[in-house]
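Notes for the one structure printed next.
Numbers here are sequence positions counted from 1. Because only heavy atoms are used, hydrogens play no part in the values below, and waters and symmetry mates are left out as well, while side chains stay in. Read the numbers this way: they start at 1 and go in the same order the structure lists the ligands and their atoms.
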Amino acid sequence: MKATLVIKNIDNLITLKGENKARTKEKLRDIGIINNGIIALNGEKIIYVGEGNLPPHIVVDEDTIVLSGVGKTVTPGLIDSHTHLVHGGSRENELAMKLKGVSYLDILAAGGGIHSTVKATKEASFDELYLKAKKSLDIMLSYGVTTVEAKSGYGIDDFSTEIKQLEVAKKLDEDHPIDIVSTFMAAHAIPSKYKNNPDEFVDIIIEDMIPKVAEKKLAKFCDVFCEEGVFSIEQSRRILLAAKEHGMGLKLHADEIKPLGGAELAAELNCITADHLIAASDKGIKEMAAKGVIANLLPGTSFNLQTGKFARARKIIEEGVAIAISTDYNPGSCPTENLLLIMSFASLIMKLTPEEVITAVTINGAAALGLEEKVGSLEVEKQADIVIFDAPNLEYIIYHFGINHVDKVIKKGKIVYEKNI
Ligand code: NIG
Ligand code: FE
């Protein structure tokens with residue numbers, strides 16, 4: 001078979017070879033490293049992964065692009081499985097309040113926070129949102145990200161804005177090299193109009209919005225911000241059960257700030273992921289392990305909320321829960337697109353090993369989006385989404401933090417990003 005692109009003599013080829021499912025416990029550290037590795041692609045697919053030279057049945061001719069992997073570390077394309085990509089405006093005006101100690105939930109309760117982004121998103125045109133989100137995707141791609149999840153949630157009761165966000169994500173999925181998976185999240189804040197009767201808003205989400213989003217096929221998943229002063233456990237349960245009936249996968253912003261029992265609810269409803277989990281209980285973590293719910297950990301948000309509290313990642317792993325790691329990129333609680341920085345936070349602050357971290361942003365990130373059969377590892381037949389790092393090994397990428405170590409990004413077999421120095 002003809003190779004269209006080959007990367008040879010790779011110092012550290014990190015394959016993540018293994019079962020196409022979220023990895024737990026010691027399997028989180030089994031990342032399938034090949035030294036002096038070689039990988040061959042044909043079009044969008046991987047056709048060979050091994051050590052040394054190519055076997056005779058893989059044909060290299062004058063049209064084949066051949067790249068050197070000397071001094072390089074090669075991994076599967078990174079997957080950012082929790083972002084609020086499409087939104088208007090920015091909230092740097094909250095920094096001064098944050099520095100004075102005003103909390104995220106207090107800013108939200110006073111009508112700021114998510115509510116100010118709702119206003120900016122409503123006012124932005126489709127094209128403005130598209131161009132802003134495209135700029136973020138370009139940055140993400142430069143950091144090695146090849147698949148991104150994108151939530152709505154800045155329209156809340158203004159359904160046309162929710163739809164506008166999802167349509168922007170759909171168009172970007174078509175136009176941009178990065179693949180985008182959409183999540184419907186109108187249940188992101190209680191609109192001021194429904195402050196005194198939030199259940200009325202919950203009814204609208206269930207009866208009017210979810211059926212329409214499902215019918216238009218605009219979202220694969222549904223998510224709820226289950227938090228004190230936002231959506232209660234019972235309201236979150238009702239919304240997610242309705243989404244399930246309409247064929248959507250379920251996600252939950254669970255126990256981000258207050259220990260409400262979000263982890264337990266995610267287990268009860270068989271959510272694909274429970275995200276944040278900073279305040280998750282021991283019981284909730286155990287129940288997630290029993291049900292195979294993936295913990296999507298977002299250390300950049302803990303860092304930026306300045307509470308000093310991070311998800312208990314080591315405990316979560318010890319209990320047998322699979323972990324993913326994401327940026328949570330959004331204008332309020334984590335304004336950064338830089339997944340490499342978040343990976344360093346996961347290691348340096350949450351005490352994850354570099355092996356656990358890379359698994360969490362590749363095969364486990366893929367599983368967090370239901371894409372584990374297609375992406376997340378470098379194996380024959382999988383989609384050729386690959387990052388070439390200008391780094392001698394994985395530890396270097398995580399340890400030498402805050403720096404972009406990406407040399408090239410390959411998406412569906414094509415070089416889509418190259419560092420220009
Ligand atoms: O995951 N917690 C709710 N949603 C986001 C923040 C969104 C925002 O502040 O705009 C989060 O932290
Ligand atoms: Fe979030």
Side-chain angles (χ1 to χ4, degrees), residues 80-95 97-98 102-122 124 129 132-133 136 148-156 161-162 165 169 181-191 221-231 236 239 250-258 260 262 266 271-280 294-307 309-311 324-337 339 342 345 365 368-369:
D80 194 345
S81 57
H82 179 143
T83 88
H84 303 254
L85 173 74
V86 182
H87 58 260
S90 173
R91 308 222 295 269
E92 62 275 16
N93 62 309
E94 289 175 8
L95 179 59
M97 277 186 275
K98 274 184 180 161
V102 185
S103 80
Y104 178 81
L105 288 180
D106 286 343
I107 296 173
L108 181 65
I114 292 174
H115 295 293
S116 65
T117 301
V118 166
K119 187 169 179 286
T121 308
K122 200 173 166 174
L129 291 179
K132 180 170 161 64
S136 289
V148 162
E149 184 255 17
K151 302 176 196 295
S152 69
Y154 294 116
I156 50 174
T161 300
E162 287 286 319
Q165 282 185 275
V181 177
S182 282
T183 297
F184 175 59
M185 198 182 175
H188 196 195
I190 307 286
F221 298 106
C222 182
D223 196 343
V224 178
F225 186 14
C226 179
E227 185 58 66
E228 196 175 278
V230 195
F231 293 88
S236 304
I239 293 166
L250 309 184
K251 292 179 168 280
L252 188 67
H253 278 61
D255 303 322
E256 176 177 352
I257 299 163
K258 300 280 164 64
L260 280 201
C271 287
I272 187 163
T273 63
D275 302 48
H276 287 289
L277 300 168
I278 297 165
I294 299 169
N296 205 346
L297 306 179
L298 314 164
T301 308
S302 292
F303 171 80
N304 188 62
L305 288 178
Q306 301 188 26
T307 57
K309 292 182 191 141
F310 287 76
I325 294 167
S326 307
T327 57
D328 191 20
Y329 169 59
N330 73 71
S333 72
C334 197
T336 183
E337 294 92 340
L339 185 58
I342 302 303
F345 285 172
L369 298 178

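In this structure, a donor-acceptor pair under 3.5 Å is absent between the side chains of T83 and T327. In the model, S333 has no side-chain atom that pairs as donor or acceptor with a side-chain atom of N304 under 3.5 Å. There is a side-chain donor-acceptor pair under 3.5 Å between D275 and T273.
Ordered by chain and number, H82 NE2, H84 NE2, H253 NE2, D328 OD1 make up the set of protein N, O or S atoms under 2.8 Å of the Fe ion (ligand 2).
The atoms of ligand 1 that sit less than 4.0 Å from any heavy atom of Y154 are 7 (C), 8 (C), 10 (O). Below 4.0 Å from some heavy atom of H84 lie the following atoms of ligand 1, by number and element: 1 (O), 4 (N), 5 (C), 11 (C). In the vicinity of Y104, heavy-atom distances shorter than 4.0 Å reach the ligand 1 atoms 2 (N), 3 (C), 6 (C), 7 (C), 8 (C), 9 (O). Taking every non-hydrogen atom of N330 and a distance limit under 4.0 Å, the qualifying atoms of ligand 1 come out as 5 (C), 6 (C), 7 (C), 8 (C), 9 (O), 10 (O), 11 (C), 12 (O). Against a heavy-atom cut-off of under 4.0 Å, H82 is close to the following atoms of ligand 1: 1 (O). Annotation for ligand 1: atoms under 4.0 Å from non-hydrogen atoms of H253 are 1 (O), 2 (N), 3 (C), 4 (N), 11 (C). For ligand 1, the atoms lying closer than 4.0 Å to a non-hydrogen atom of S333 are 5 (C), 6 (C), 9 (O), 11 (C), 12 (O).
Distances between N or O atoms of T301 and those of ligand 1 include no value under 3.5 Å.
Aromatic pair H253/H84: centroids less than 6.0 angstrom apart. Within the 6.0 Å centre-distance limit, the rings of F345 and F303 are counted as a close aromatic pair.
The side-chain hydrogen bond (donor to acceptor under 3.5 Å, both in side chains) search around E228 returns K258, not counting sequence neighbours. Judged as a side chain to side chain contact (heavy atoms under 4.5 Å, CB included), and not counting sequence neighbours, the contacts of A266 are L252, C271, A274, V293. Applying the salt bridge (Lys or Arg N to Asp or Glu O under 4.0 Å) test to E149 and every residue at least two apart in sequence or in another chain returns K151.
Panel note: side chain N330, backbone D328; a donor-acceptor pair is recorded below 3.5 Å. Side-chain N or O atoms of E337 include none that pairs as donor or acceptor with a backbone N or O of Y329 at under 3.5 Å.
Environment of NZ in K119: sparse, with no more than 12 heavy atoms of neighbouring residues, nucleotides or ligands closer than 6.0 Å.
Looking only at protein heavy atoms, the nearest one to atom 11 (C) of ligand 1 is D328 OD2, 3.1 Å. Atom 2 (N) of ligand 1 has E256 OE1, 2.8 Å as its closest protein atom, hydrogens excluded (heavy atom only).
The residue among K151, H188, R91, H276 with a heavy atom at the shortest distance from atom 4 (N) of ligand 1 is H188.
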